[in-house]
Amino acid sequence: MSAPAPSLAAAPAPRRAIRELPDELISQIAAGEVVERPASVVRELVDNALDAGATDVVVKLQAGGVRAVVVEDNGCGIPVDELPLALKRHATSKIASLDDLEGVLTMGFRGEALAAIASVADLAISSRTADAPHAIRLDARAGELTPAARGVGTSMEVRELFFNTPARRKFLKTDATELAHCIEAVRRHALARPDVGFTVWHDGKQIEHWRAGDLEGRIRDVLGADFMQASRPVQADLGGMQISGRVGLPEAARARADHQYAFVNGRFVRDKLIAHGVRSAFEDVLHGARQPVFLLYVQVPPQRVDVNVHPTKIEVRFRDSRELHQALRRAVEGVLAAPRAAQATAAEQPLPMTAPHAAPAWTTTVSATAASEPSAWPRNAQQARLGLQQASMLWGPREASPSVFPPASPAPSPAAQAQAVPGSPALQAGEPPATAYAVEAEPQRGDAWPLGRALAQIGGVYVLAENAQGLVIVDMHAAHERIVYERLKAGASLTIPTQPLLVPAAFSASPQEIATAEGEREALLAVGLDLSPLSPTRLAVRAVPAALMDADAVELARSVLADLAQFDASSVVQRAQHDLLATMACHGAVRANRRLTLIEMNALLRDMEATERADQCNHGRPTWRQVTLRDLDALFMRGR
Ligand code: ADP
Ligand code: MG
């Protein structure tokens, strides 16, 4: 006889009769969702202040907000007779019907926050409307109304958070950590509402103060001048849906996704779709786990976004999620595509040495736009493209100019892959170096070219060049790999070679997976996957991309199905194609230790200037670096 298996579950309690919970307990349960820490209180109270039309919001904290969170605003105030109502659950002035809910534009609408806060902390409201002779203070616990002194607006005082729920209080971190979360909450509001002034005090000291003003100034104040410098404006308009803001350049990316700000109709959200849309635009230029930095504002008609899917409203659901994903990816790709060498020369670091009239047409085109209209993204992209056309007029059409680098190794295997992209210059073996192209490109003044005039090659890997700012160092393999890759992408309508499996790999699939396998058959085939249903609950993988023969077919199928279910098919297909092209580009790019002539080096530099995303190789590493004359002076302790 074996002993009964020990049970981890407690013995079931004897059944109790069903009864309605007391109000206070209901609020405490609701507070579990809404109020996690002092920062949640800050967020809810500032939301309310903004909904009340405040133009000036002061947040005063004690002991990281655990001892006290006080939020003062100059909004419309609450009439005396409504004061007790404000504390009631499901009491709100912001919606009155389902129609209102669907069109809601205020931060709050659930009528829950004040009731929840009052159930887990001491809350007092002092408020005065424009027509009231003086302010009235309501102490939530005592329920007493007393006259108070303050101007028009509202002060909310929240003291001793979780004093009556010690278990929850134990989950709080150190005061310093809680304070950091509180400040982050105000930063989010501040980024959403540059037209409102914000001040933060902690233990009697003013620690942040952001004056009302324009968005650019606010971004600079909150995220710093570094962010402005390391980011570029994005803008897209999809008829009804607008995207604007800034994305960080690849080198500004971080190990964590902690500098990603997304606002939907002015509300800060943590949205997977937005984050993924942006991340997918970085696929080509960012190292695997790095996270891009961005600040994005999405404006959507309220009927096309559901904000009532999360108690704290930090998540939303978009009606047109795929369109938004695609638009985001395209918009960000557009920003990342423009080669930066030219912009850096004139727009960012205006140096006296760069006489505008001596600069090539392309440099002036891009820099002039960048300087005069920093936020007009679509125009910029167009101009940049125009610039490329002008550049190719100067240097000869891109397609017609065969690369000066014949592949050092035999054409990439399998040979069929190379044929898949006919006319891709870099992959045509035995092409003699084209000199006419490079000679034509020789500028009259080397320093007028963004990436300068080639000087030498060192270590078999690096090309040195001189431009107006000083020394340019280029990793020739990384740079050439990018150039080849971009050409392959431009020329390719690529079919991914597939490999039928000898034994189809069967797996049990969710209804969602089956539906996607049926609905997205074309996209699946385009990425080299052949899936067919075996039964209502099983799928079989019959073919996989040839390049991924050794991968786990089922896992591969599952992850592609998951992507297809969530994101727009074209971006999934494009990514798979790009992966393949990147491998081809790596084979096709010039190898280390090949001696280059000066003419070849110059041609490489000109190619880089004309190539999209030329600043990073396909793996996200930089292709070139600038060492300025000032850097060199510092190196030699030479004052100028
Ligand atoms: P909600 O914001 O979802 O309406 P709350 O519990 O946060 O719910 O607030 C309840 C009501 O109290 C609001 O609808 C609003 O009328 C009023 N209120 C709260 N804070 C303020 C404030 N700072 N200024 C003016 N009215 C306020
Ligand atoms: Mg509210």
Side-chain angles (χ1 to χ4, degrees), residues 272-273 276-277 279-281 283-284 288-289 321-323 325-326 329-330 333 410-424 427 484-485 488-588 618-619:
K272 280 213 200 87
L273 187 91
H276 188 279
R279 185 66 182 81
S280 66
E283 216 114 69
D284 260 5
S321 58
R322 290 177 180 211
E323 287 81 352
H325 185 263
Q326 193 171 36
R329 179 169 56 88
R330 295 222 172 116
E333 273 174 0
S413 53
Q417 285 185 354
Q419 276 156 14
V421 267
S424 94
L427 293 176
V484 174
Y485 178 49
L488 288 174
K489 284 202 296 192
S493 80
L494 180 81
T495 12
I496 296 181
T498 57
Q499 177 74 49
L501 295 179
L502 278 179
V503 185
F507 63 104
S508 56
S510 69
Q512 160 98 26
E513 285 171 332
I514 304 235
T516 311
E518 282 170 357
E520 301 286 359
R521 190 157 169 78
E522 228 163 275
L524 284 164
L525 287 175
V527 304
L529 269 177
D530 184 2
L531 297 187
S532 57
L534 289 179
S535 76
T537 58
R538 290 177 73 73
L539 286 172
V541 189
R542 300 195 180 276
V544 294
L548 297 174
M549 263 301 280
D550 299 329
D552 179 333
V554 172
E555 209 168 290
L556 181 70
R558 283 214 161 113
S559 76
V560 173
L561 285 174
D563 278 359
L564 283 173
Q566 213 177 343
F567 310 116
D568 64 300
S570 70
S571 82
V572 177
V573 173
Q574 192 188 335
R575 195 175 69 205
Q577 290 175 338
H578 286 180
D579 281 351
L580 180 60
L581 293 177
T583 317
M584 292 164 63
C586 186
H587 286 290
N618 308 343
H619 313 289

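The first residue of the sequence shown is numbered 1, and numbering continues consecutively from there. Only this structure's heavy atoms are used, side chains among them; waters, hydrogens and symmetry mates stay out.
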Open item on the list: Going by ring pair (Phe, Tyr, Trp, His ring centres under 6.0 Å), name the residues that satisfy it together with Phe507, two or more places apart in sequence or in a different chain.
Closed with: none
TODO: Could you list the residues that satisfy side-chain contact (heavy atoms from CB on, under 4.5 Å) with Leu501, not counting sequence neighbours?
DONE: Ala505, Val541, Val544, Ala553
Task: Residues in side-chain contact (heavy atoms from CB on, under 4.5 Å) contact with Ser510, at least two apart in sequence or another chain - done: Gln512, Glu513
Open item on the list: Under the rule for side chain to side chain donor-acceptor pair (under 3.5 Å), what residues qualify as partners of Gln326, not counting sequence neighbours?
Closed with: Asp568, Ser570
Open item on the list: Tell me every residue that passes side chain to side chain donor-acceptor pair (under 3.5 Å) with Ser532, counting only those two or more places apart in sequence or in another chain.
Closed with: Arg542
Task: Among Val572, Leu529, Thr516, Ile514, side-chain contact (heavy atoms from CB on, under 4.5 Å) partner for Leu561 - done: Thr516
- [ ] Ignoring hydrogens and angles, tell me if any N or O in the side chain of Arg521 forms a donor-acceptor pair with the backbone of Leu531 under 3.5 Å.
- [x] yes
Open item on the list: Taking the side chain as everything from C-beta on, heavy atoms only, tell me whether Ser280 gets closer than 4.5 Å to His325.
Closed with: yes
Task: Beyond-backbone contact of Gln574 with Arg329, side-chain heavy atoms, under 4.5 angstrom - done: yes
Open item on the list: For Lys489, is there an ion pair with Glu333 - N to carboxylate O distance below 4.0 angstrom?
Closed with: no
- [ ] Under the side-chain contact (heavy atoms from CB on, under 4.5 Å) rule, what do Leu524 and Leu564 come out as? Steps first, then yes or no, please.
- [x] CA-CA 9 Å; Leu524 284 164; Leu564 283 173; 3.7 Å; yes
When the side chains of residues 533-540 are checked against the rest of the protein, which donor-acceptor pairs come out under 3.5 Å, sequence neighbours left out?
{"from": "Ser535", "atom 1": "OG", "to": "Thr537", "atom 2": "N", "distance (Å)": "3.2"}
{"from": "Ser535", "atom 1": "OG", "to": "Arg538", "atom 2": "N", "distance (Å)": "3.2"}

Task: Aromatic plane relationship, Tyr485 with His578 - under 30° parallel, 30 to 60° tilted, over 60° perpendicular - done: perpendicular
Open item on the list: Before you tell me yes or no, could you show the steps for Phe567 and His276 under side-chain contact (heavy atoms from CB on, under 4.5 Å), namely the whole-Å CA-CA distance, both residues' side-chain angles and the distance that decides it to 0.1 Å?
Closed with: CA-CA 9 Å; Phe567 310 116; His276 188 279; 3.1 Å; yes
Open item on the list: For a quick test of reading the model, state the closest non-hydrogen atom pair linking Pro545 to Leu556 and the distance between them.
Closed with: CD-CD2, 3.9 Å
